[in-house]
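A short worksheet on the structure shown next.
Computation of the quantities below employed the complete heavy-atom set of this structure, encompassing side-chain atoms and omitting hydrogens, waters and symmetry-equivalent molecules.
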Amino acid sequence: MPIALIDGNNFYVSCERVFNPKLEGKPVVVLSNNDGVAVSRSLEAKALDVPMAEPWFKFSATAKKHGIVALSSNYALYANMSDRMMAVLSQFSPDQEVYSIDECFLGLDGFDHLDLVEYGREMRRRVRQWVGIPVCVGIAPTKTLAKLANYCAKKNLAGSEGVCDFGRLSGSELSGLLTTIEVEEIWGVGRKLSEQLNARGIKTVEALRTADAKTLRREFSVVMERTMMELNGTPCISMEEVASVKQQIISSRSFGTPVKDIEQLQEAVATYIAIAAEKLRAQGSAAGMVQVYIRTSAFRTDIHSYNGQQTIPLPAASDDTLCLTRAALWGLKRIYKPGYSYSKAGVVLMNLCDADSVQPDMFSAGKDNSRVMAVMDKINNIYGRGTLRTAAAGVGQKQDWRMKREMMSPAYTTKWDQLPTAR
DNA sequence: CTATAACTCTCAA
DNA sequence: CTAACGTTGAGAGTTATAG
C-alpha cells in the first residue's frame with residue numbers, strides 16, 4: 001500500500017555542486033537551453049527572489065550584483081547523475097517507477113513491518129553519501145499523497161526533516177496539515193485549475209479533499225475526480241514499472257540567434273531529425289508521419305510573426321534518418337517564407353508503430369539502410385551525437401542556429417578529457 | 001447521424 | 001551595441017470531417 005516519492009533537491013544545481021563544492025552555500029542557478037531562463041535554483045537563489053523560469057537577460061544584472069552563479073545546463077552530467085541516483089534507490093524496493101530525471105516512486109508493499117520514516121532516512125543518507133545529491137522523501141498510500149508528503153518534507157512541515165510519512169499522522173493531524181497547503185501544490189493542479197478552484201471557494205488541499213465529488217465531476221473532469229479520490233487515500237494512479245514506448249517523438253530548439261536563410265533552417269531541421277530518429281530506433285519504432293515547423297519569436301511584437309507547419313505522411317512507416325530527413329526537408333521547403341527572422345524550428349515523429357511489423361510500400365521497392373543506421377547509432381553512442389551525420393545536418397559555415405551555452409560546466413562524468421586534473 | 005481524426009488546452013518536470 | 005523568454009510528452013475534451 002504505501003508509496004514513497006523521492007525527489008532531488010534543486011537537482012541540477014545539486015549535480016553541479018557535487019563536482020564544484022565551492023558552489024555550496026552560494027546562490028546558484030542553472031539555465032535552460034540557449035541560456036534562456038532559470039530552471040533550477042539553489043535555496044540561496046530562491047531567497048534572492050529569482051522566480052522559476054525567469055529569463056536570464058532579465059536578472060543577469062541582479063545576479064552580478066548579488067554574486068549569483070549562473071550555469072548553462074549540462075544534460076549529459078545530469079542524466080548520468082540521475083542514473084546513479086536511481087540505481088541506489090532501486091535497492092530499497094523491487095518496485096521502482098522512474099518518473100522524471102530527478103524523482104522516482106518506490107512501491108513499499110510488504111515493507112510495513114519497517115519503520116518507514118527510518119527507512120526513508122536511510123534512503124537520504126545513502127544517496128547523499130554514494131551519489132552526493134540531497135533528496136527528500138514523501139510516503140503515503142497514493143501517488144498524489146506521496147507527492148504532497150514530499151512537498152511537506154521539502155518545506156520541513158510537521159517536523160519532517162527531509163522525510164514525511166502521512167501514515168504517521170492521525171486523521172486530525174493530517175487534516176490540520178492539509179488545511180495549510182494551497183490547492184496549487186497538488187500534483188495535477190496547475191495555474192488554470194487553481195484559479196477555477198479558488199473561484200469556487202476551494203483554496204486548500206483539505207477543502208478539495210472534502211468537496212462534493214458529484215459537483216466536482218460535473219464542473220471539472222474525471223481528472224479532478226481522480227485527484228480527489230487519491231487525496232482521500234484511494235489509489236487511482238498505478239505504478240508503471242516499465243517505460244512504455246512513446247507515441248510521438250519531438251525534437252525542437254530555439255536558435256542561438258535568429259535565422260533568415262533556408263540553408264541554415266535545413267541544417268537545423270536535418271539535425272533535429274537525426275536526434276528524433278535516433279530515439280525512434282532506440283525504442284524499436286518507425287514513424288508513419290513527419291511534422292516540421294518553423295516560427296518567429298513568440299515574444300517580439302516589433303517584427304512580423306509567422307508560424308509555418310507541415311505534416312508529411314510517409315508512404316511506408318520508416319526509421320531511416322535519410323528517408324525522414326527527405327520528408328522533413330520537403331515539408332520545410334513548402335512552409336519556408338523568405339524575409340522572416342525565425343527563432344525556432346522543430347520536428348515531430350508521429351503515428352509510431354513497431355519497426356518490425358512495418359507494412360512495406362509496394363511502389364518504393366526497399367532501399368534498406370538499417371545496417372547503416374545501426375552503425376551510425378553505434379558510433380554516435382560511443383563518440384557523441386553528431387559524430388557521424390548526414391551532410392544535410394551540417395557542413396555549413398554559418399551556424400547561427402546552434403544553441404548558446406556560454407556558462408557550461410565540464411562533462412565531469414562522461415568525458416575523460418574534461419576531468420579536472422589532480423595537482 | 002456516428003466514428004474517427006485533428007486540433008486545442010492543460011499539466012508536469 | 002542591442003536584444004535576449006525551454007523542451008518533451010501525455011491525456012482529456014472539443015471541433016471538424018468522412019462516410
Contact pattern, 5' to 3', of nucleotides 11-19 of chain C - B, S or - by protein heavy atom under 4.0 Å: SSS------
Rounded interatomic separation in angstrom, taking CZ from A:Arg405 and P from C:dG6: 15 Å
Rounded interatomic separation in angstrom, taking CE from A:Met350 and P from C:dT8: 16 Å
Distance test, side-chain N/O of A:Ser32 to OP1/OP2 of C:dC5, below 4.0 Å: no
Aromatic contact, A:Phe255 with A:Tyr342 (centres under 6.0 Å): no
A:Asn9 backbone acceptor or donor facing A:Ser14 side chain under 3.5 Å: yes
CD/A:Glu182: more than 12 non-hydrogen atoms of other groups inside 6.0 Å: no
Approximate separation, where rounding is to 0.5 Å, of A:Leu31 CG and A:Ser73 OG: 7.5 Å
Salt-bridge present (A:Glu103, A:Lys147; N to O < 4.0 Å): yes
Of A:Tyr75 and A:Gln248, the one whose closest DNA chain C nucleotide lies more 5': A:Tyr75
Gap between atoms CZ and C1', on A:Arg402 and C:dG6 respectively (whole Å): 18 Å
Contact residues, residues 48-62 of chain A to DNA chain C [heavy atom, < 4.0 Å]: A:Pro55, A:Phe57, A:Lys58
Residues A:Asp35, A:Arg405: salt bridge by 4.0 Å N-O rule: no
Side-chain N,O (A:Lys344) to OP1/OP2 (C:dT7) below 4.0 Å: yes
Touch class at under 4.0 angstrom, heavy-atom based, for A:Ser251 against every strand present: sugar-phosphate
Range-with-range stems for DNA chain C, at least three Watson-Crick or G-U pairs under 3.5 Å: B:1-13 with C:7-19
Enumerate donor-acceptor pairs with a distance under 3.5 Å from any side-chain N or O in residues 332-341 of chain A to protein atoms, sequence neighbours excluded.
unit_1   : atom_1 : unit_2   : atom_2 : d
A:Arg334 : NE     : A:Gln310 : OE1    : 3.2
A:Tyr336 : OH     : A:Lys260 : O      : 2.7

Give me, pair by pair, the N or O atoms of the protein and of nucleotides 8-13 of chain B that are less than 3.5 Å apart, along with how far apart they are.
unit_1 : atom_1 : unit_2   : atom_2 : d
B:dC11 : OP1    : A:Gly190 : N      : 3.4
B:dC11 : OP1    : A:Leu193 : N      : 2.8
B:dC11 : OP2    : A:Lys192 : N      : 3.1
B:dA12 : OP1    : A:Ile186 : O      : 3.3
B:dA12 : OP1    : A:Gly188 : N      : 2.4
B:dA12 : OP1    : A:Val189 : N      : 3.0
B:dA12 : OP1    : A:Val189 : O      : 3.4
B:dA13 : OP1    : A:Lys147 : NZ     : 2.5
B:dA13 : O5'    : A:Glu103 : OE2    : 3.4
B:dA13 : O3'    : A:Ser100 : OG     : 3.0
B:dA13 : O3'    : A:Asp102 : OD1    : 2.8
B:dA13 : O3'    : A:Glu103 : OE2    : 3.3

Any donor-acceptor pair under 3.5 Å from A:Asp212 side chain to A:Thr215 backbone: yes
Phosphate-side-chain proximity, A:Ser252 and C:dT8, N/O vs OP1/OP2 below 4.0 Å: yes
Side-chain heavy atoms of A:Glu185 within contact of A:Val205, under 4.5 Å: no
Check ion pair A:Glu195-A:Lys192 (N to O, under 4.0 angstrom): no
Along DNA chain C (nearest heavy atom to each residue), the more 5'-positioned of A:Lys279 and A:Pro258: A:Pro258
Whole-Å distance separating the OH atom of A:Tyr293 from the P atom of C:dT7: 8 Å
Gap between atoms CZ and C1', on A:Arg253 and C:dT8 respectively (whole Å): 10 Å
Same-atom distance (P) from C:dC5 to B:dA13, integer angstrom: 25 Å
Atom pair distance, as rounded to whole Å: CG in A:Asn33 and P in C:dC5: 13 Å
Residues A:Glu230, A:Lys143: salt bridge by 4.0 Å N-O rule: no
Whole angstrom value for the distance that separates P of C:dT2 from CD1 of A:Ile303: 18 Å
pair A:Val163-A:Arg124: side-chain heavy atoms closer than 4.5 Å: yes
Side chain proximity check, A:Arg253 to A:Ile275, heavy atoms < 4.5 angstrom: yes
Residue pair A:Ser100 / A:Asp102, side-chain donor-acceptor N/O under 3.5 Å: yes
N/O donor to acceptor pairs below 3.5 angstrom from side-chain atoms of residues 46-55 of chain A, sequence neighbours left out:
none

Separation of C:dC5 C1' from A:Leu31 CG (nearest whole Å): 11 Å
